[in-house]
Amino acid sequence: RKLRERVQELERLHEEVTVNQLQLLRAERLVAAGQLAAVLAHDLKAPLISIGLMARAAASADSDAAAVRAALEHIGREILRVEEYLRDFARSAGGGSGKTELIDVGELIDGCLGLLRGLMARNKVESVVGLGHGRARVKGSAVELRQVVTNLLHNSVEAMPDGGRITVSTAAD
């Protein structure tokens, strides 16, 4: 009888441990989902800010047709960038890898600076670019490299609330 009571007690404790483990796994999944959401929000912030700035610029009373057209083209490029990032993010979250290609580093840097031009002007931040490698190409994920460079530039602008200068330089080794 004592042995039966002990077995029942152990079974009850085992069930309690199992329930606690499941709760812990759920909590870990929620933390991971929260971290993914934070990364996604951070990475989408720059293109969405750029879209907003360009939309406001296009809607301003002193915008001419050419400026509105340029702003709309810029907004279209930013939306494509967000879509591409979301596809890449979904592939990465699913265990897939992003495609690699030859990337013109100078063109990528110019594009990233162009995306942040409105934010930089509003914050009185100028950029100086020195491409010591000419127009070198590197193999990698254009989406990931563009996101890294854009995030670095965006963070740099935010770190200069009173204006300043961002110097971007490259070199070949």
Side-chain angles (χ1 to χ4, degrees), residues 32-93 96-173:
Q35 290 171 337
L36 281 174
V39 167
L40 186 60
H42 178 267
D43 289 344
L44 293 178
K45 183 179 178 182
L48 291 175
I49 287 172
S50 181
I51 289 169
L53 290 170
M54 295 307 291
R56 284 189 291 283
S60 74
D62 59 327
S63 292
D64 61 10
V68 170
R69 187 175 299 107
L72 291 174
E73 288 172 1
H74 180 84
I75 289 169
R77 285 191 305 273
E78 285 295 277
I79 290 171
L80 288 175
R81 181 174 158 224
V82 168
E83 290 171 349
E84 186 179 357
Y85 177 75
L86 289 173
R87 275 192 302 274
D88 188 62
F89 186 81
R91 262 194 310 272
S92 296
S97 61
K99 68 176 185 176
T100 60
E101 57 191 283
L102 281 177
I103 304 160
D104 182 315
V105 176
E107 185 178 301
L108 184 127
I109 290 170
D110 290 342
C112 293
L113 285 167
L115 295 175
L116 296 172
R117 187 170 292 122
L119 178 66
M120 292 172 68
R122 190 179 79 212
N123 289 345
K124 298 181 185 101
V125 174
E126 66 175 307
S127 64
V128 176
V129 179
L131 303 178
H133 66 277
R135 294 307 249 191
R137 297 165 65 94
V138 296
K139 187 170 184 166
S141 167
V143 171
E144 291 172 7
L145 187 55
R146 187 178 311 114
Q147 198 62 46
V148 167
V149 172
T150 301
N151 285 343
L152 285 170
L153 292 170
H154 187 266
N155 292 345
S156 298
V157 172
E158 286 185 341
M160 293 186 278
D162 298 325
R165 176 182 295 151
I166 295 175
T167 302
V168 181
S169 60
T170 62
D173 184 356

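The figures that follow rest on heavy atoms only: side chains count, while hydrogens, waters and symmetry mates do not.
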Q) Above 12 or not: heavy atoms from other molecules or residues under 6.0 Å from CZ of Arg122? A)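 More than 12 heavy atoms, drawn from other residues, nucleotides or ligands, come within 6.0 Å of this atom.
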Would you say the side chain of [Y] lies within less than 4.5 Å of the side chain of [X], judging by non-hydrogen atoms?
{"X": "Glu83", "Y": "Leu86", "answer": "no"}
{"X": "Met54", "Y": "Arg77", "answer": "no"}
{"X": "Val125", "Y": "Leu116", "answer": "no"}
{"X": "Cys112", "Y": "Leu108", "answer": "yes"}
{"X": "Met160", "Y": "Ile166", "answer": "yes"}

Q) Just by modelled atom types, is the Ala46 backbone N or O under 3.5 Å from a matching donor or acceptor in the Ser50 side chain? A)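 Such a contact is absent between Ser50 side chain and Ala46 backbone.
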Q: Quick one: list whatever passes salt bridge (charged side-chain N to carboxylate O under 4.0 Å, His left out) with Glu107, sequence neighbours left out.
A: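 Counting only residues at least two positions away or on another chain, Glu107 forms no salt bridge (charged side-chain N to carboxylate O under 4.0 Å, His left out).
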**Q.** Residues in salt bridge (charged side-chain N to carboxylate O under 4.0 Å, His left out) contact with Arg165, at least two apart in sequence or another chain
**A.**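 If we apply the salt bridge (charged side-chain N to carboxylate O under 4.0 Å, His left out) test to Arg165, skipping adjacent residues, the hits are Glu126.
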Q: Give a yes or no on whether a salt bridge exists between Arg81 and Glu84, defined as a side-chain N under 4.0 angstrom from a carboxylate O.
A: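 No.
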Distance check, rounded to the nearest 0.5 Å: [X] atom [atom1] versus [Y] atom [atom2]?
{"X": "Arg146", "Y": "Asn151", "atom1": "CZ", "atom2": "CG", "answer": "12.0 Å"}
{"X": "His74", "Y": "Glu78", "atom1": "NE2", "atom2": "CD", "answer": "4.5 Å"}
{"X": "Met120", "Y": "Leu53", "atom1": "CE", "atom2": "CG", "answer": "12.5 Å"}
{"X": "Leu131", "Y": "Thr170", "atom1": "CG", "atom2": "OG1", "answer": "4.5 Å"}
{"X": "Ile49", "Y": "Leu44", "atom1": "CD1", "atom2": "CG", "answer": "11.0 Å"}

Q: For Val149 and Val168, run side-chain contact (heavy atoms from CB on, under 4.5 Å): C-alpha distance rounded to whole Å, both residues' side-chain angles, the deciding distance at 0.1 Å, then the answer.
A: CA-CA 10 Å; Val149 172; Val168 181; over 6 Å; no
Q | Minimum heavy-atom distance Leu113-Ser127, with the two atoms named | A |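 Smallest interatomic distance, heavy atoms only, reads CD2-CB, 3.8 Å.
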Q) Taking all atoms of both residues into account, what is the closest heavy-atom pair of Arg137 and Asp104, and its distance? A)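 That would be CG-CA, 4.0 Å.
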